[in-house]
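All chains are named by letter (A, B, ...) in the order of the sequence lines, taking the proteins before the strands, and each is independently numbered beginning at 1.
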Amino acid sequence: MTRTLITSAIPYINGIKHLGNLIGSQLPADAFARYKRARGGEVMFICATDEHGTPAELAAAKAGKPVAEFCAEMWEVQKRLSDGFRLSFDHFGRSSSERNRALTQHFAGQLADNDLIAEVDEKQIYSKADGRFLPDRYIEGTCPNCGYEAARGDQCENCTKQLDPTDLINPRSAVSGSTDLEVRETRHLYLRQSKMRAKLNDWIDSKKDWPILTTSIAKKWLNDGDGLRDRGITRDLDWGVPVKRGDEDWPGMEGKVFYVWFDAPIEYIAATAEWADAQGLDDSAWQRWWRTDKGADDVRYVQFMGKDNVPFHTLSFPATIMGSNEPWKLVDYIKSFNYLNYDGGQFSTSQGRGVFMDQALEILPSDYWRWWLLSHVPENSDSEFTWENFQASINKDLADVLGNFVSRVTKFCRAKFGEQVPDGGAYGDAEAAVTDEIATRLKAFEGQMEAIELRKATSELRAIWVAGNEYLQSAEPWAKFKTDPEQAAATIRFALNLIRLYAVLSGPFIPDATATILSAMGDEGAAWPNDLDAALSALAPGHGFSVPEVLFAKITDDARAQMEARFAGA
RNA sequence: GGGCCUGUAGCUCAGUUGGUUAGAGCAGAGCGCUCAUAACGCUUUGGUCGUAGGUUCAAGUCCUACCGGGCCUACCA
């Protein structure tokens with residue numbers, strides 16, 4: 001049996017994510033995980049919240065709460081929302097866990113032992129009023145280049161010039177507005193990933209089947225300028241994994257924490273350990289997914305992420321894994337995504353522009369969002385959400401093509417034969433022809449799912465739904481019922497089995513509808529159609545079923561207009 | 001500035017290593033059906049494949065330049 005380890009980029013803790021974030025990693029990862037499980041594979045699907053860093057501290061301060069308490073609450077919120085979207089994580093962890101603390105410190109110790117850590121003294125801006133060091137972008141001031149007054153310390157958003165915070169005229173803290181700033185010397189640890197450039201480059205070169213988006217970003221970082229640069233992996237913050245060298249204190253690093261991007265990917269491993277802990281299992285249960293010396297040899301590890309996360313997953317994290325000189329599992333395939341835009345612009349948290357996960361679930365069931373998002377996932381370029389497109393897709397694909405098919409077949413059967421699969425007649429040439437067509441399409445669909453080509457997969461699935469309507473039209477059981485009721489019975493028996501088949505195939509995308517349909521068909525445990533002929537005879541004469549409620553209500557023009565107005569933003 | 005991605009029918013997108021009259025869904029038009037969520041089926045109108053050159057027997061596909069859209073550029077994560 002194949003074993004697949006799947007991780008989705010872990011969402012940052014400081015707020016509720018919008019639909020662009022959702023489709024950028026978690027949702028496609030879920031579709032893939034559901035597919036692999038449906039095919040009988042063993043799957044470990046991991047996600048977590050990314051809780052450390054300056055933005056988390058500031059968000060907590062703004063909320064007037066201790067950061068640990070703030071994170072715990074936001075974890076609950078994000079967990080509830082991921083449940084609402086039916087994200088089937090085996091574990092939804094927290095990067096602030098004890099497991100992650102220990103593993104992060106362990107990796108740092110290993111890297112230091114292998115001479116891959118450098119201690120660097122550098123100068124940073126300290127804000128006395130805020131009582132903290134500030135990252136470059138949290139310093140604001142007037143741009144020396146163009147005079148823009150709200151330029152950030154890393155770059156001026158107005159003229160796009162790269163800046164150093166000390167370049168700014170009249171610098172002030174973006175947090176408090178205080179101008180009481182000073183440059184202070186501070187010591188930090190750097191991951192010497194430049195030493196691993198050749199090794200990383202060879203490794204990337206060996207990945208011929210990765211998305212261009214993934215490899216091109218990695219190659220850019222490897223070859224830009226002087227090549228891959230070392231990266232600071234510690235920060236002067238209170239909230240984070242305390243810097244330690246394994247179990248030992250790290251002289252000179254007192255009071256400092258690891259940088260979020262060092263500990264966040266390690267949480268993939270730690271969250272799997274958290275899963276084992278929660279299940280009451282011992283370490284071997286998670287190590288067989290992560291340690292190639294403890295059973296992970298036959299695991300295929302697939303990561304999902306937005307393009308902004310690619311450098312960390314192709315370079316920094318692999319450098320951490322390789323540099324440990326321990327047999328940890330490296331990623332086998334990195335699926336990266338472009339961005340989803342909202343109606344002519346970007347989603348904006350600050351402007352309240354676009355639909356956020358909590359709002360989406362208030363408006364419509366998760367299947368609606370899942371279907372639209374997965375059938376428009378930005379695989380090849382940035383894509384765009386519009387209400388008109390959303391309404392058209394949902395009404396046509398889900399309500400008309402699939403929902404109405406279920407409705408017309410089950411209601412016709414109930415009216416003419418009662419609520420059980422009708423007996424009589426036999427499958428003939430028409431049924432064989434449809435079965436052939438579906439067999440061909442099913443093979444294509446499976447290939448696209450294996451390749452994680454989700455847009456193509458949804459399009460193929462839709463074509464399989466359409467085949468049912470075509471079949472029904474040519475078989476016209478409503479007419480045959482009057483002249484040859486036996487034939488009509490066979491047609492409806494076949495159509496009821498198509499419904500069951502459609503429910504199974506649709507599971508990765510619209511799991512609630514799948515569950516509803518299978519429940520109505522009286523076959524909750526229906527398995528993947530490895531034998532299509534058998535699958536299309538699975539519901540035998542006499543098998544009881546019920547007519548489900550309308551599966552997908554249409555989105556009216558009025559409703560669409562209201563939603564469009566509500567989410568237009570400030 | 002540099003790098004990468006992208007520009008194909010009104011809209012959203014497919015177009016395999018260059019190979020016959022460029023495809024799908026939606027929208028539009030016509031016809032059919034009446035079991036069904038006024039749903040379904042069939043037929044059909046739309047494209048000098050961003051522009052201009054070039055390579056080739058042959059270019060949507062390869063090369064160059066230009067125009068437009070987007071992303072990244074290492075202290076946000």
Could you check which nucleotide pairs with [N] in any of the strands shown, counting Watson-Crick or G-U wobble with both distances under 3.5 Å?
N: B:G32; result: B:C40
N: B:A58; result: none
N: B:C71; result: B:G3
N: B:C66; result: B:G50
N: B:C13; result: B:G23

Note to self: Would you say the rings of A:Phe317 and A:Trp261 are close, in the sense that their centroids are separated by under 6.0 Å?
What the structure shows: no
Next item on the list: Answer yes if the ring centres of A:Phe481 and A:Phe417 are under 6.0 angstrom apart, and no otherwise.
Entry: yes
Between [X] and [N], is there a contact of a side-chain N or O with OP1 or OP2 at under 4.0 Å?
X: A:Lys307; N: B:C4; answer: no
X: A:Asn380; N: B:A14; answer: yes
X: A:Arg231; N: B:C75; answer: yes
X: A:Lys220; N: B:C71; answer: no
X: A:Arg455; N: B:A14; answer: no
X: A:Tyr259; N: B:A77; answer: yes
X: A:Arg137; N: B:C76; answer: yes

To the closest 0.5 Å, what do you measure between [atom1] ([X]) and [atom2] ([Y])?
X: A:Ser173; Y: A:Leu181; atom1: OG; atom2: CG; result: 6.5 Å
X: A:Arg441; Y: A:Ser459; atom1: CZ; atom2: OG; result: 8.0 Å
X: A:Lys256; Y: A:Leu189; atom1: NZ; atom2: CG; result: 9.0 Å
X: A:Leu213; Y: A:Thr215; atom1: CG; atom2: OG1; result: 8.5 Å
X: A:Arg132; Y: A:Ser127; atom1: CZ; atom2: OG; result: 9.0 Å
X: A:Thr440; Y: A:Glu460; atom1: OG1; atom2: CD; result: 9.0 Å

Considering only the [atom1] atoms, how many Å lie between [N] and [M], rounded to the nearest integer?
N: B:A52; M: B:A29; atom1: C1'; value: 37 Å
N: B:A24; M: B:C4; atom1: P; value: 35 Å
N: B:U55; M: B:C63; atom1: P; value: 15 Å
N: B:G30; M: B:G46; atom1: P; value: 16 Å
N: B:G69; M: B:G15; atom1: P; value: 25 Å
N: B:U61; M: B:G54; atom1: C1'; value: 15 Å
N: B:U20; M: B:C49; atom1: P; value: 16 Å
N: B:U56; M: B:G18; atom1: C1'; value: 9 Å

Check: Under the 6.0 Å and 45° cation-pi test, does A:Arg184 pair with A:Tyr126?
Finding: yes
Checklist line | A:Ser95 and A:Asn100 side chains, donor-acceptor separation under 3.5 Å | finding: no
Notebook entry, point to check: Cut-off 3.5 Å, side chains only: do A:Trp387 and A:Asp343 have a donor facing an acceptor?
Noted result: no
Next item on the list: Compare the minimum distances between each of B:C76, B:C5, B:A74 and the side chain of A:Leu228, then state the nucleotide with the smallest one.
Entry: B:A74
Notebook entry, point to check: B:U12, B:U73, B:U6: which one has an atom nearest the side-chain heavy atoms of A:Ser381?
Noted result: B:U6
Atom-pair distance ([atom1] on [X]; [atom2] on [N]), nearest Å:
X: A:Glu453; N: B:A24; atom1: CD; atom2: P; value: 21 Å
X: A:Trp371; N: B:C26; atom1: CH2; atom2: P; value: 13 Å
X: A:Asp382; N: B:C4; atom1: CG; atom2: P; value: 17 Å
X: A:Asp226; N: B:A74; atom1: CG; atom2: P; value: 14 Å
X: A:Ile499; N: B:C35; atom1: CD1; atom2: C1'; value: 12 Å
X: A:Asp209; N: B:U16; atom1: CG; atom2: P; value: 18 Å
X: A:Phe385; N: B:C13; atom1: CZ; atom2: C1'; value: 18 Å
X: A:Asp224; N: B:C71; atom1: CG; atom2: P; value: 19 Å

Any N/O donor-acceptor pair, [X] side-chain to [N] base, under 3.5 Å:
X: A:Glu122; N: B:C75; value: yes
X: A:Asn404; N: B:A39; value: no
X: A:Arg408; N: B:A39; value: no

RNA chain B contacts among [range], heavy-atom distance under 4.0 Å:
range: residues 391-401 of chain A; answer: A:Lys396, A:Ala399, A:Asp400
range: residues 457-469 of chain A; answer: A:Arg462, A:Val466, A:Asn469
range: residues 470-486 of chain A; answer: A:Glu470, A:Gln473, A:Trp478

Next item on the list: Quickly, which of A:Phe385, A:Tyr339, A:Tyr342 forms a ring pair (Phe, Tyr, Trp, His ring centres under 6.0 Å) with A:Phe347? Name it, please.
Entry: A:Tyr342
Reckon [X] touches a base, only the sugar-phosphate, or nothing at all at heavy-atom distances under 4.0 Å?
X: A:Gly53; value: sugar-phosphate
X: A:Leu134; value: nothing
X: A:Gly227; value: base
X: A:Lys456; value: sugar-phosphate

Margin query: Going by salt bridge (Lys or Arg N to Asp or Glu O under 4.0 Å), A:Asp400 matches just one of A:Lys554, A:Arg408, A:Arg462. Which one?
Written below: A:Lys554
Margin query: Would you say that A:Glu431 contacts A:Thr491 through its side chain, given a criterion of any heavy-atom pair below 4.5 Å between the two side chains?
Written below: yes
Checklist line | Syn/anti label of B:G46 as read from its glycosidic torsion, with the cut at 90° from 0 | finding: syn
Next item on the list: Provide the closest heavy-atom pair for A:Gly424 versus A:Ala489 in the form atom of the first, atom of the second, distance.
Entry: O-CB, 4.1 Å
Check: Relative to the 5' end of RNA chain B, which residue comes earlier, A:Asn389 or A:Lys411, by the nucleotide with the nearest heavy atom?
Finding: A:Asn389
Note to self: Reading RNA chain B from 5' onward, which residue's closest nucleotide shows up sooner: A:His376 or A:Asn338?
What the structure shows: A:Asn338
Margin query: Can you tell me how the ring of A:Phe337 sits relative to the ring of A:Phe304, calling it parallel under 30°, perpendicular over 60° and tilted otherwise?
Written below: parallel
